[in-house]
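Every value quoted in this text rests on a predicted model; they were computed, and no experiment measured them.
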Amino acid sequence: SNSPGPALRYIRGTMEVLWLAAAGLAPLVVAPERLMMGPIEVPKVVLLRSIAALLLVLWAWEWATMGRAPPFGPRLSWWARATQWLRNGPSGWIVVAAVAFLAANILSTVLSPMWRVSLWGREPGWDTYSLYSVATYIVLFLAVATHLSRREQLQRLLWVIVGAAVVASAYGIAQHFGFDPLRTSAETQGRVPSFFGNPIPVGSFLVMTIPVTLIVVLPYGQRMRPAAQVFVTAVLVAIQFSAMIFTLSRGPWVGLGVGMLVFLVLAGAVLGRRLLAQAIAIVLMSLGVAAVITLIPTSGANASASTSTAVL
């Protein structure tokens, strides 16, 4: 039988819980400023690396439990199996690209004149471009790529990402209006850092989550009235647009503009004209709501930022 036993179901269920925790908690976890003894990303780094280590342990346990996998179909050479796997769809090429990226980092570490820094980073506990950090991300990626096989799993992952984005955006909006119980310094000069400690990563995060929000909610049109669907999605997207405006970062807006253009073109080709019209209406409504929020006067440290002038 190809159905997994109780042990395998437990292992794979635990792995899904771990990658959902990584996707949902890593953007949000932060230590209060008075308790921090290093950069703000240290709790995020600890969380991600701990989850990656647990995923490796569970993965090894899964291999030990499964034993030798039974052959399916005729026996093929490794080259024939690899070629057949790559022909099954674009997902195989994404995995190849990720593995190639890891191989490039390994090669650069081996050839580096300061290989210890290349391997661990200047400070091993920080989020740097060391091989250690890259390997952590690759482990998370491969765990999801090899175990996410059902539509329900994908929906749960996307909803967790959207939920984390909405919470991070709401906190960024609260920071703009002077409510920030976790941090007291004004080092960002009115630009909201949310849970990231810096406005630019906030914008970079939202560049990815805004299209994901549209992707998640648009298919629910069959269960909701079109007006209700547009309203609910517009609220979720408007919160993210508003936080992105308050970061006052220009680069993420360029990236979002290009990304949304590509998204709308693909939506028109794949989803049809009706959903494309809904997506355009949602984007326009969200931008309008976000623009109205920027006109609300603020007081305190962020009052000097002059958000509307800076945005223009």
Side-chain angles (χ1 to χ4, degrees), residues 20-48 126-128 137 158-214 216 234-257 259-260 286-287 289-296 298-308 310-311:
L20 290 177
L25 296 180
L28 306 180
V29 65
V30 64
E33 192 174 33
R34 65 182 181 277
L35 300 179
M36 288 196 311
M37 302 180 63
I40 193 172
E41 73 267 16
V42 170
K44 303 178 186 294
V45 173
V46 171
L47 175 69
L48 282 175
W126 295 4
D127 183 27
T128 60
Y137 299 136
L158 294 180
W159 273 114
V160 166
I161 293 173
V162 172
V166 171
V167 172
S169 300
Y171 190 76
I173 295 172
Q175 284 177 323
H176 174 76
F177 290 104
F179 178 77
D180 190 359
L182 297 177
R183 300 182 62 80
T184 57
S185 62
E187 58 187 29
T188 55
Q189 298 179 349
R191 302 171 63 191
V192 300
S194 187
F195 297 108
F196 295 81
N198 189 295
I200 296 177
V202 180
S204 302
F205 176 63
L206 296 176
V207 163
M208 297 181 286
T209 60
I210 290 174
V212 169
T213 305
L214 293 172
V216 169
V235 170
L236 296 177
V237 176
I239 294 173
Q240 299 176 58
F241 272 144
S242 301
M244 196 164 178
I245 290 174
F246 294 146
T247 64
L248 301 181
S249 299
R250 293 167 293 183
W253 275 104
V254 176
L256 181 63
M260 290 304 299
S286 302
L287 286 173
V289 172
V292 171
I293 293 177
T294 62
L295 301 178
I296 300 175
T298 61
S299 60
N302 288 336
S304 60
S306 186
T307 304
S308 57
V311 169

> Is any side-chain heavy atom of Val166 closer than 4.5 Å to a side-chain heavy atom of Val162?
Replying inline: yes
>> For a 4.5 angstrom cut-off between non-hydrogen side-chain atoms, does Phe177 reach Ile293?
In response: yes
>> Looking at every non-hydrogen atom in both residues, tell me the closest pair between Ala164 and Gly24 and how far apart they are.
In response: CB-O, 3.6 Å
Could you give the side-chain donor-acceptor pairs of residues 235-245 under 3.5 Å, partners two or more places apart or in another chain?
from	atom 1	to	atom 2	distance (Å)
Gln240	OE1	Thr209	OG1	2.8
Gln240	NE2	Thr213	OG1	3.0
Gln240	NE2	Leu236	O	3.3
Ser242	OG	Ala238	O	2.8

>> Side chains of Leu256 and Leu206, heavy atoms from C-beta outward: is any pair under 4.5 Å?
In response: no
> Quick one: does NZ or CZ of Lys44 land under 6.0 Å from the six-membered ring centre of Phe195, within 45 degrees of the ring axis?
Replying inline: no
> With sequence neighbours excluded, what pairs up with Ser249 under the side chain to side chain contact (heavy atoms under 4.5 Å, CB included) test?
Replying inline: Arg191, Pro199, Ile200, Thr247, Pro252
> Are Asn198 and Phe196 close enough that some pair of their side-chain heavy atoms sits under 4.5 Å apart?
Replying inline: no
> Can you name the closest pair of heavy atoms from Ser169 and Ala165 and give their distance?
Replying inline: OG-O, 2.7 Å
>> So Val202 and Phe246, do their side chains get closer than 4.5 Å, heavy atoms only?
In response: no
> Minimum heavy-atom separation for Ser194 to Gly172, with atom names?
Replying inline: OG-N, 4.1 Å
> Excluding sequence neighbours, so at least two apart, what forms side chain to side chain contact (heavy atoms under 4.5 Å, CB included) with Val292?
Replying inline: none
>> Do Ile173 and Val192 make a side-chain contact, defined as non-hydrogen atoms from C-beta onward lying under 4.5 Å apart?
In response: no
